[in-house]
Peer 1: 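Got a structure for you, questions after.
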Amino acid sequence: MKPNGSVRFLTLIAIVLLLLLIAQTQTQAQEQLNKRITISIKNETLKAALDKISSTSGVKFTYNEQVALSKIKLSVTANDKPIATVLQTAFTGQPLQFSALGNEIFIRFDPSKEKKQEAGPAANPAQSQEKHTISGTIKSASTGETLIAATIRAADTKYATSSNEYGFYSLTLPKGIYTISINAIGSKSHKTTVDLQKNMSLNVAMDDDLNELETVTITTNSVKRNIDNPQMGMERLSVSETKNVPVLLGERDVIKTLQLLPGVKTSGEGSGGFFVRGGSADQNMILLDEAPVYNASHLLGFFSTFNSDAIKNVTLYKSGMPAQYGGGLSSVLDVKMNDGNNQKYGVSGGVGLIAARINVEGPIQKEKSSFLISARRTYADMFLKLSSDSAARDAKLYFYDINLKANYILGEKDRLFVSGYFGKDVLGSDNLIGINWGNAASTLRWNHVFNSKLFSNTSLIFSNYNYKIQSTDDESSLTLFSQIRDWNFKEDLQWYANEKNTVSFGLNSIYHTIKPGEVQATGNSGLISQDLQNRYSLENAVYASNTWKANSTLSFTYGLRVSAFSILGKGDYYTLDDAGNVTGTTSYKKGEIVKTYVNFEPRIAAALQLNESTALKASYVRNAQNLHLVSNSNASSPTDRWVASTNIIKPELSDQVSLGYYKNLGNDNYELTVETYYKTLQNQIDYRNGADIYTNKPIETQLLYGKGRAYGAEFLLKKKNGKLTGWLAYTISKSERQIDGINDNNWYNARQDRTHDISLVSMYQLNKKWSLSANWVFATGNAVTFPTGKYKLLGHSYFNFSDRNADRMPSYHRLDLGATKLLKQTKKFSSELNFSLYNAYGRENAYRITFRDKETDPDRTEAVRTTLFRFVPSISYNFKF
């Protein structure tokens, strides 16, 4: 071979070897980029993030000093993803590039990206004039249920929003590339990257977080309290948050759980009623799928009407109620039913000592429509059959309720819901005496998305409540009947105007029919048969409000609700003198307007975020109420009488000012909330001394009117994470009334006044099988009126009473214990046993105190204490498949 030929040959061989070496090096580098890792990085510096990826994967990075000293922060979450994908996601929107270099990965700044970043809207939104909107629905991947109050946030920006009560959200951003982070209670966090160049739809199905579902937490809009939202005085519960709280006879109950929160007080032992911030029981507006519920209790208050198996979400507003709510002075309790699983069929339920329940749900057409049927019944009357007493064997003592719901996805922009509730209580003995009462409610709702910024909910609602009391013996009979029935139309719209303003507006119209009372009496019952006139009224309202994010630390919600209550004929209406005697009567024809009350109800709230974990809030709200529950007892009863405003009974009004301090503590594991309030009330109603609600006189003749005030402070400390969770709640408060004709026209305690109220609730996850729980409560005794003396007449003793509500029941306290054992859990079936002990140390709390002549010395008086419960154990079996 010639020398020149040898040189060319050796050169060719060298080139081939070099190409092979380069190819091998590139292959090795590509293998590094394709290496799969699982990692989570949250707001870490560029160097720290690269070091974490390197230690997790074994891959080495090379970079210059500029990269090492960079203040850029990265966030990324990946599950078994290639490093190339991880870096691409982490570097989105950043002036960075990566490339393979031998066995390492080279990181460098990209000047072209850096320039774009400086001018791009995602980095500097204030300079951008072009903005677009992301909107859609957040739902559960496993059930198809829409998720309420899920938080949607553009990572590393100030832009965030939350899904409404139908799962819809809208978020307006400057155009650019964003990582969208979504969080919801009971769901795994979800992140996705979007290139926002025009309006776009982003529907997200969230996976269940099984580990989180095992931990009981009470929270608001996200895993941590949304401290930058102006809304205050609000608590949100999901059903999973109530399942481990020990309650009477083992029945999970959202109202019993709410009574353990500050500012919410039980109306008495075993009662389902509750008082909020000094208001009476009827001043709570209770809604089930938007339908008013006028008696939310079963078995005289021992259970609530809300079957937990059918409930998705419960929201309680104690102050600053949004403008779409009206009709209650003290609070709004908004209860939403489950929609039904549109992915698969399922059955769940439970059997306890006195009650059983069943829940069936599934798709009508998979991913398009679903149904829910939930039923519950007590069977205490079946145990009475075992009694040797014939009267007990013939007694009736039970309640039942049924929840029904169906929903249909009509298209991308339309969804239809149909829901219903039917419940009834029956208490009686051998046809001699009986009490029946029940609720029926149904709602037809249509959701429509006009565009990415405008959402509409249209509702047609029916609600009916009635009670009937019968008493029969050989010589007389007595029947009492009362009813309240509503037809209700609502139109609610939400307009996500821009990134700083969200506007809500709408209207509401309700036609009320109230039968105040019907008495049928024979023999010597002591009552006269009468049929009180039906009362008709039309209640209309319009409202508008706006949530305005003024800047990154200050936000406001302001709005106005205008309500008009028209009293309609036919019927007779009266004029009275100061003593309550009728001095004149005016008759009105059917449909004729007797009187119209118009009330302006402004609302305003503000939130100032002091730092990432601390905020101050303030709010003012005025509420008007036109339906009133006339009651002469502390605990609510089915025989309490509903009356509407008349020419004499004016709408009740309240003005409440609230201040609050909110702090997330210990890496958001703890929450501290302190709220204080002052409330004034107008046109408050109470009985005249010696009043008789079953008289044939107009009810107005038995009533007096005046004003009220309530004030207090509420403290709540929660622990949300870890094996031990729970909360400590304390309320100190005062509630008073001043009504001419009562207590010499001086201020006196309202029946629901209690100075101190403490709740300590704890839940402990012992292991995968066992969870333990306990709660301890203490409360000052209710205000009552005890006799101050007595006199005898014809051999009978009669007691004298002086100042109303000047005395106190004994202080109340109780310890409840609970334990839940998981029996079996697979993908298709789960079961558990729940044990509870109500009143574990057997405290004899007074339900009622009565007075009588002492048997051994009739001239002396003795007090008799009635106690309902001591050491009430229970066990229940729950299942799901």
Peer 1: I'd like to know if the side chain of Lys318 and the backbone of Pro262 have a donor-acceptor N/O pair within less than 3.5 Å.
Peer 2: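 Checking the backbone N and O of Pro262 against the side chain of Lys318, a donor-acceptor pair under 3.5 Å is found.
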Peer 1: Would you say Tyr661 and Thr673 make side-chain contact, with heavy atoms under 4.5 Å?
Peer 2: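 No, every pair of side-chain atoms sits at 4.5 Å or beyond.
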Peer 1: Taking Glu714 first and then Arg277, would you say they form a salt bridge - that is, a charged N and a carboxylate O separated by under 4.0 Å?
Peer 2: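 Answer for the salt bridge query: yes.
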Peer 1: Do Phe274 and Asn284 come close enough that some side-chain heavy atom pair is under 4.5 Å?
Peer 2: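 Of all side-chain heavy-atom pairs linking Asn284 with Phe274, at least one is under 4.5 Å.
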Peer 1: If you look only at pairs with a residue in residues 539-566, which of them pass as a ring-ring contact (aromatic ring centres under 6.0 Å, His included), with sequence neighbours excluded?
Peer 2: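 Counting only pairs at least two positions apart or across chains, the ring-ring contact (aromatic ring centres under 6.0 Å, His included) contacts touching residues 539-566 are Trp548-Phe556.
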Peer 1: On a heavy-atom basis, which atom in Ser330 and which in Met321 lie closest, and how many Å separate them?
Peer 2: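 Here Ser330 and Met321 meet closest at O-CE, 3.2 Å.
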Peer 1: Would the distance check show the side chain of Gln752 and the main-chain N or O of Gly278 forming a donor-acceptor pair, the cut-off being under 3.5 Å?
Peer 2: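 Such a contact is found between Gln752 side chain and Gly278 backbone.
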Peer 1: Out of curiosity, Met337 CE to Ile311 CD1, how far, rounded to the nearest 0.5 Å?
Peer 2: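 Met337 atom CE to Ile311 atom CD1 measures 6.5 Å (nearest 0.5 Å).
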Peer 1: I'd like to know if Asp339 and Lys405 make a salt bridge, using a cut-off of under 4.0 Å between side-chain N and carboxylate O.
Peer 2: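 Counted as a salt bridge, because a side-chain N and a carboxylate O are separated by less than 4.0 Å.
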Peer 1: With side chain to side chain contact (heavy atoms under 4.5 Å, CB included) as the criterion, how do Ile593 and Leu568 come out once you've worked through the C-alpha distance, each side chain's angles and the decisive distance to 0.1 Å?
Peer 2: CA-CA 5 Å; Ile593 296 178; Leu568 305 177; 3.9 Å; yes
Peer 1: Under a 3.5 Å distance rule, please check whether Asp414 uses its side chain to pair with a backbone N or O of Val449 as donor and acceptor.
Peer 2: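 Checked: no pair found.
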Peer 1: Can you tell me if Glu652 and Gln283 form a side-chain donor-acceptor pair at under 3.5 Å?
Peer 2: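 The answer is yes; a qualifying pair exists.
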Peer 1: So, are Lys549 and Glu499 salt-bridged, with charged N and O less than 4.0 Å apart?
Peer 2: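 Between Glu499 and Lys549 there is no salt bridge, as every charged N stays at least 4.0 Å from the carboxylate O atoms.
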Peer 1: If I compare all heavy atoms of Gly438 with all of Tyr465, which pair ends up nearest, and what's the gap?
Peer 2: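 So the two residues come closest at O-CD1, 3.3 Å.
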Peer 1: Any side-chain donor paired with an acceptor under 3.5 Å for Thr547 and Thr557?
Peer 2: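 Yes, Thr557 and Thr547 have a side-chain donor paired with an acceptor closer than 3.5 Å.
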Peer 1: Please check if any side-chain donor atom of Glu491 sits under 3.5 Å from a side-chain acceptor atom of Thr458, or the reverse.
Peer 2: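 The answer is yes; a qualifying pair exists.
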Peer 1: Could you please spell out the steps behind the side chain to side chain contact (heavy atoms under 4.5 Å, CB included) verdict for Val293 and Tyr421?
Peer 2: CA-CA 10 Å; Val293 177; Tyr421 169 82; 6.0 Å; no
Peer 1: Does the Trp727 side chain pair with the main chain of Leu260, one donor and one acceptor, at a distance under 3.5 Å?
Peer 2: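 Yes: the side chain of Trp727 pairs with the backbone of Leu260.
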Peer 1: For Ile255 versus Ser304, what's the shortest heavy-atom pair and its separation?
Peer 2: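 Between these two residues, the closest heavy atoms are CD1-CB, 3.8 Å.
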Peer 1: Do NZ/NE/NH1/NH2 and the carboxylate oxygens of Glu165 and Lys336 come within less than 4.0 Å?
Peer 2: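 Salt bridge flag = yes for Lys336 with Glu165.
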Peer 1: Against the six-membered ring of Tyr597, is Lys595 placed for a cation-pi contact (under 6.0 Å from the centre, within 45° of the normal)?
Peer 2: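 Ring-cation test returns yes.
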Peer 1: Under a 3.5 Å distance rule, please check whether Gln231 uses its side chain to pair with a backbone N or O of Gly320 as donor and acceptor.
Peer 2: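 Pair found, side chain donor or acceptor close to backbone of Gly320.
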Peer 1: Considering only heavy atoms from C-beta outward, does the side chain of Leu237 approach that of Thr257 to under 4.5 Å?
Peer 2: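 A side-chain contact under 4.5 Å exists here.
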Peer 1: Pick out which of Asp253, Asn403, Ile286 makes a side chain to side chain contact (heavy atoms under 4.5 Å, CB included) with Phe306.
Peer 2: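 Result for side chain to side chain contact (heavy atoms under 4.5 Å, CB included) with Phe306: Ile286.
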Peer 1: How about Ile134 and Ile180: do any of their side-chain heavy atoms sit closer than 4.5 Å?
Peer 2: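 Counting from C-beta outward, Ile134 and Ile180 do come under 4.5 Å.
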Peer 1: Against Asp289, only a single residue in Lys490, Lys312, Arg445 fulfils salt bridge (charged side-chain N to carboxylate O under 4.0 Å, His left out); can you say which?
Peer 2: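 Answer to the salt bridge (charged side-chain N to carboxylate O under 4.0 Å, His left out) test with Asp289 among Lys490, Lys312, Arg445: Arg445.
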Peer 1: Hey, is the main chain of Gly340 close enough, under 3.5 Å, to the side chain of Ser370 for a donor-acceptor pair?
Peer 2: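 Yes, because the side chain of Ser370 sits within donor-acceptor range (under 3.5 Å) of the backbone of Gly340.
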Peer 1: Is there a donor-acceptor pair closer than 3.5 Å between any side-chain N or O of Ser163 and the backbone N or O of Ala149?
Peer 2: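 Answer holds: yes.
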Peer 1: Just by distance, with hydrogens left out, do Ser563 and Glu601 show a side-chain donor and acceptor under 3.5 Å apart?
Peer 2: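 A pair is found: one side chain offers a donor N or O, the other an acceptor, under 3.5 Å apart.
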Peer 1: Any donor-acceptor pair under 3.5 Å linking the side-chain atoms of Ser374 with those of Asn307?
Peer 2: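 Yes, because at least one side-chain N or O of Asn307 sits under 3.5 Å from a partner of the opposite role on Ser374.
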Peer 1: Which heavy atom of Ala618 sits nearest to which heavy atom of Leu659, and what is that distance?
Peer 2: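 Minimum heavy-atom contact is CB-CD2, 3.5 Å.
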Peer 1: Is there a side-chain contact between Lys679 and Leu329 in this structure, where contact means two heavy atoms from C-beta onward sitting under 4.5 Å apart?
Peer 2: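 Side chain of Lys679 against side chain of Leu329, heavy atoms only: no contact under 4.5 Å found.
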Peer 1: For the residue pair Gln324 and Asp492, what are the closest heavy atoms and their distance?
Peer 2: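 Gln324 and Asp492 have their closest heavy atoms at CB-OD1, 4.2 Å.
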Peer 1: Look only at the side chain of Thr305 and the backbone of Ser297, and say whether a donor-acceptor pair between them is shorter than 3.5 Å.
Peer 2: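 No, Thr305 side chain to Ser297 backbone: no donor-acceptor pair under 3.5 Å.
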Peer 1: According to the ring-ring contact (aromatic ring centres under 6.0 Å, His included) rule, which pairs have a member within residues 310-331, sequence neighbours left out?
Peer 2: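 For residues 310-331, and leaving out neighbouring residues, the ring-ring contact (aromatic ring centres under 6.0 Å, His included) pairs sorted by first residue read Tyr317-Tyr325.
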Peer 1: Just by distance, with hydrogens left out, do His298 and Asp401 show a side-chain donor and acceptor under 3.5 Å apart?
Peer 2: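 Result is yes, a qualifying pair exists.
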Peer 1: Can you confirm whether more than 12 heavy atoms, excluding those of Lys663, are under 6.0 Å from its NZ atom?
Peer 2: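 Yes, enclosed.
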Peer 1: Less than 6.0 angstrom separating the ring centers of Tyr711 and Tyr678, yes or no?
Peer 2: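 That pair passes the under 6.0 Å test.
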Peer 1: Report the residue from Asn488, Asn457, Asn508 that forms a side chain to side chain donor-acceptor pair (under 3.5 Å) with Glu290.
Peer 2: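 So the option named by the test is Asn457.
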Peer 1: Is it the case that the side chains of Glu145 and Asn341 hold a donor-acceptor pair, with the cut-off being a distance below 3.5 Å and no angle test?
Peer 2: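 Result is no, nothing qualifies.
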Peer 1: Counting only heavy atoms not in Glu412, do more than 12 sit closer than 6.0 Å to its CD atom?
Peer 2: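 Not buried by this count: 12 neighbours or fewer within 6.0 Å.
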Peer 1: So, Lys617 and Glu675, do they make that salt bridge, N to O below 4.0 Å?
Peer 2: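 Salt bridge absent between Lys617 and Glu675.
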Peer 1: Stepwise, does the side chain to side chain contact (heavy atoms under 4.5 Å, CB included) test hold for Glu361 with Ile373?
Peer 2: CA-CA 6 Å; Glu361 58 183 326; Ile373 302 173; over 6 Å; no
Peer 1: Decide yes or no on side chain to side chain contact (heavy atoms under 4.5 Å, CB included) for Ser456 and Phe450, but give the supporting numbers first.
Peer 2: CA-CA 7 Å; Ser456 165; Phe450 286 96; 3.4 Å; yes
Peer 1: Tell me, do Asp486 and Phe462 make a side-chain contact under 4.5 Å, heavy atoms counted?
Peer 2: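 No. Closest side-chain heavy atoms not under 4.5 Å.
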Peer 1: Taking the six-membered ring for Trp and the single ring otherwise, decide whether the centroids of Trp495 and Phe505 are under 6.0 Å apart.
Peer 2: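 So the answer is no for these two rings.
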Peer 1: Hey, are Asn439 and Asn295 close enough side-chain-wise for a donor-acceptor pair under 3.5 Å?
Peer 2: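 Asn295 vs Asn439: no donor-acceptor pair found between side chains.
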Peer 1: Return yes if some donor-acceptor pair links the side-chain N/O of Asn203 with the main-chain N/O of Thr137 below 3.5 Å, else return no.
Peer 2: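 Yes.
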Peer 1: Can you find a heavy atom in the side chain of Leu610 that is under 4.5 Å from one in the side chain of Leu608?
Peer 2: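 Result yes, sub-4.5 Å side-chain heavy-atom pair found.
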Peer 1: Could you tell me if the side chain of Asn164 sits less than 4.5 Å from the side chain of Phe455, heavy atoms only?
Peer 2: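 Contact flag for Phe455/Asn164 side chains = yes.
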Peer 1: Short question: side chain of Asp757, backbone of Val264 - any donor-acceptor pair under 3.5 Å?
Peer 2: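 Flag not set: sc Asp757 to bb Val264 has no pair under 3.5 Å.
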Peer 1: Under the criterion side-chain hydrogen bond (donor to acceptor under 3.5 Å, both in side chains), I'd like the reasoning laid out for Asn623 against Arg603: C-alpha separation, chi angles, the key distance, then a yes or no.
Peer 2: CA-CA 9 Å; Asn623 287 308; Arg603 291 107 193 267; 2.8 Å; yes
Peer 1: Is there a donor-acceptor contact under 3.5 Å linking the side chains of Thr172 and Thr133?
Peer 2: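 Their side chains do contain a donor-acceptor pair, which is all the 3.5 Å distance test asks for.
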Peer 1: Looking at Glu235 and Lys718, is any side-chain nitrogen of the basic one under 4.0 Å from a carboxylate oxygen of the acidic one?
Peer 2: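 Answer for the salt bridge query: yes.
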Peer 1: Please report the shortest heavy-atom distance between Gln656 and Tyr677, naming the atom on each side.
Peer 2: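 Taking every non-hydrogen atom into account, OE1-CB, 3.7 Å.
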Peer 1: Could you tell me which residues satisfy side chain to side chain donor-acceptor pair (under 3.5 Å) with Arg561, sequence neighbours excluded, listed by chain and number?
Peer 2: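 Checked Arg561 against side chain to side chain donor-acceptor pair (under 3.5 Å); zero matches.
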